[in-house]
There are 2 protein chains.
Amino acid sequence: MSEVYAARRARLRERCEAAGNAAALVTGHANVRYLAGAAPGGAALLVGPAEDTLFCPVEPFGAAAAAPGPGCRTDEELRVHTLVSPDGDPAVAAAERATAAGARSLAVEEHHLTVARHRALRSVAPRLRTADLGTAVEQQRLVKDSEEIAALRIAAEIADQALGELLESILVGRTERHLALELERRLVDHGAAGPAFPTQVATGPNSGLAGHTPTDRRVEEGDFLSVALGAEYRGYRSEIARTFVIGTAPADWQIELYDQVFAAQRAGREALAPGAACRAVDRAARSVLEAAGHGERVGPRTGHGVGLENDEDPQLGPSAMGKLDACVPVTVDPGVHLPGRGGVRIDDTLVVRPEADGGPELLTITTKELLAL
Amino acid sequence: MSEVYAARRARLRERCEAAGNAAALVTGHANVRYLAGAAPGGAALLVGPAEDTLFCPVEPFGAAAAAPGPGCRTDEELRVHTLVSPDGDPAVAAAERATAAGARSLAVEEHHLTVARHRALRSVAPRLRTADLGTAVEQQRLVKDSEEIAALRIAAEIADQALGELLESILVGRTERHLALELERRLVDHGAAGPAFPTQVATGPNSGLAGHTPTDRRVEEGDFLSVALGAEYRGYRSEIARTFVIGTAPADWQIELYDQVFAAQRAGREALAPGAACRAVDRAARSVLEAAGHGERVGPRTGHGVGLENDEDPQLGPSAMGKLDACVPVTVDPGVHLPGRGGVRIDDTLVVRPEADGGPELLTITTKELLAL
């Protein structure tokens, strides 16, 4: 694997040099991990000017103070420098090193670096000109390689397994909080490092709410139950949501709403293709719900990229710019919530693939039929 | 409660005005929560110039698009403004509002605000002079009121209960990851909103490592088992760590190491008093371990503040500035890890109290005897 990280850094270095910057300082956590293979909290990665160095904060007790800790093992071409003072800032140490190595300009991630840290690094290296690296690393992360997709595939499989087991257990009378914890335990049972994001379980009037924090409400007969979860596997994060009805034949309004969201989600999935505009995918899903009279109830977007972060580019929304490429994993996750009644979320993780390869690859394979549990 | 938040904001406003700033823009998540009573992700709080306003990002689907969501309910004197565009930045909207209200200067949290957001808000309000609010809100949060301490007391009690139940169960053969998940489930069972931080369970050679991520290693006879956990209750976060020996009489080296860390932790606890220098508390604990020959193995600090964040000021370390006040909750958490063998962590949450009130109040009451489980 180590040559993968070195190749990613070489790509970034080329881009930096083309923009006239001798070196880049990467401080976004997922960006550091992507380029270095590891990212202890607070680490900063200096790419260039001569060699690449990962600056790590001082170790908590345990590991010997000056030695790189277990979170700091990366590839052979990367130097690791662990600070010795607990008050030291890895980003500032990196700026000092860049100056010492003769760099006159340094591209920094202005959307990650705080004003205070930026000032601190300019004060230790006053002659260093800083420029904005922007989202260069995030853009590099958009298209995934086959190892990244393999990790996402396993992450999706783990979530499918956890969800499948939950559906076989008795649900009525259990609280949203307990069901969420149970799902998280099962994710870990099946090999996840942990949940990809806080697991959401929403019942009855809460069902269909995006970003719902599980409450002590208990599952009741006739409820909609919506569940959103994901697994983290080797740093990569899947996402799935499903909605079920509890214990009985669904009511007419439930069937109708479910069919509408299902049709919207299918339309979004079918719009995924290399070259498709991100906003066109959103439009495909959104227009189905608008036609059903739910336009006001659809959130600001109907899907997003996944990878080292649960929510990364591309964004699938009405004002999204850009087009999809092959090998970009995204979610398609429209939903509708009717205040006081409940709602439906259906969410899959898929990888964009050309038609010739069979079209979008569905990673989350749990059925999307409306099951009565 | 609502007058509590208004009073906190009034204090901040006075401090701002004294520094010549008409208004303050608060973007640190815990700081917003402290001053507004609620903090949806990405919210920004404008304090002054005339009235106070909480700017919230657009709601995900579910809540009506333009209405304040459930996370946004605060006190009566606070206006809530929810953005309508998903691309809008609450901090930028706040800066626009400040200019419209006639403010010429705005204090911002430069240690929270990124360079990119800072630039965006200056571009919408070019005539607004920005200054650094620094850690004014963090400093205001140091001394806790009785409601905050009551929440911490319950959070500590919940963690004690979860830990107590674990000790009664069979441990040999179970993995670190499963024990950690079990503890987190018990925290929620007992009323926690969730764990205060990722629960750490470390066995055998991993024991005593700070910040250890639970692995698939199983508990074995003769192991040291160190556990660190905390509960979040009403936003407040407790912390406790204990170390046990598994299934047998402890070995001599285990007894010796345990006694050394215990003596260091007790010395730290006994040094807590209003007016005591933060570094003196660290010194009290650290010198015991130095005398035992473990100076190199002690981490950069031996305690820290707790509250709305698991790790906040004051820091108890060799280079810490400042003195303790009454009603400041802190941890005392020295530890030693012997590579290849294991180690000991002992950590309590306490509230600094004057001698006349009985000295430091211990919130985490689980025994610190070396138990063989």
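Convention: sequence-line order gives letters A, B, ...; per-chain numbering from 1. Just so you know, these numbers come straight off a predicted model, no measurement behind them.
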side-chain hydrogen bond (donor to acceptor under 3.5 Å, both in side chains) with [X]: which residues, sequence neighbours excluded?
X	answer
Ser85(A)	none
Gln315(B)	Arg301(B), Asp311(B)
Glu138(B)	Asn31(B), His111(B), His112(B)

Chain B-proximal positions within residues 175-182 of chain A [heavy-atom distance under 4.5 Å]
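Checking residues 175-182 of chain A against chain B gives Arg177(A), His178(A), Leu181(A).
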Please flag which part of Ala192(A) lies under 4.5 Å from any non-hydrogen atom of chain B: side chain, backbone, both or neither.
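Contact with chain B is through the backbone of Ala192(A) alone.
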Hey, which of Asp216(B), Asp189(B), Asn206(B), Leu338(B) has the most heavy atom pairs under 4.5 Å with chain A?
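So the answer, after comparing Asp216(B), Asp189(B), Asn206(B), Leu338(B), is Asp189(B).
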Counting only heavy atoms closer than 4.5 Å, note whether Ala193(B) contacts chain A via side chain, backbone, both or neither.
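Just the backbone, heavy atoms under 4.5 Å.
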Rounded to the nearest 0.5 Å, what separates atom CZ in Arg119(A) from atom CD in Glu110(B)?
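Spacing of CZ (Arg119(A)) from CD (Glu110(B)) equals 4.0 Å.
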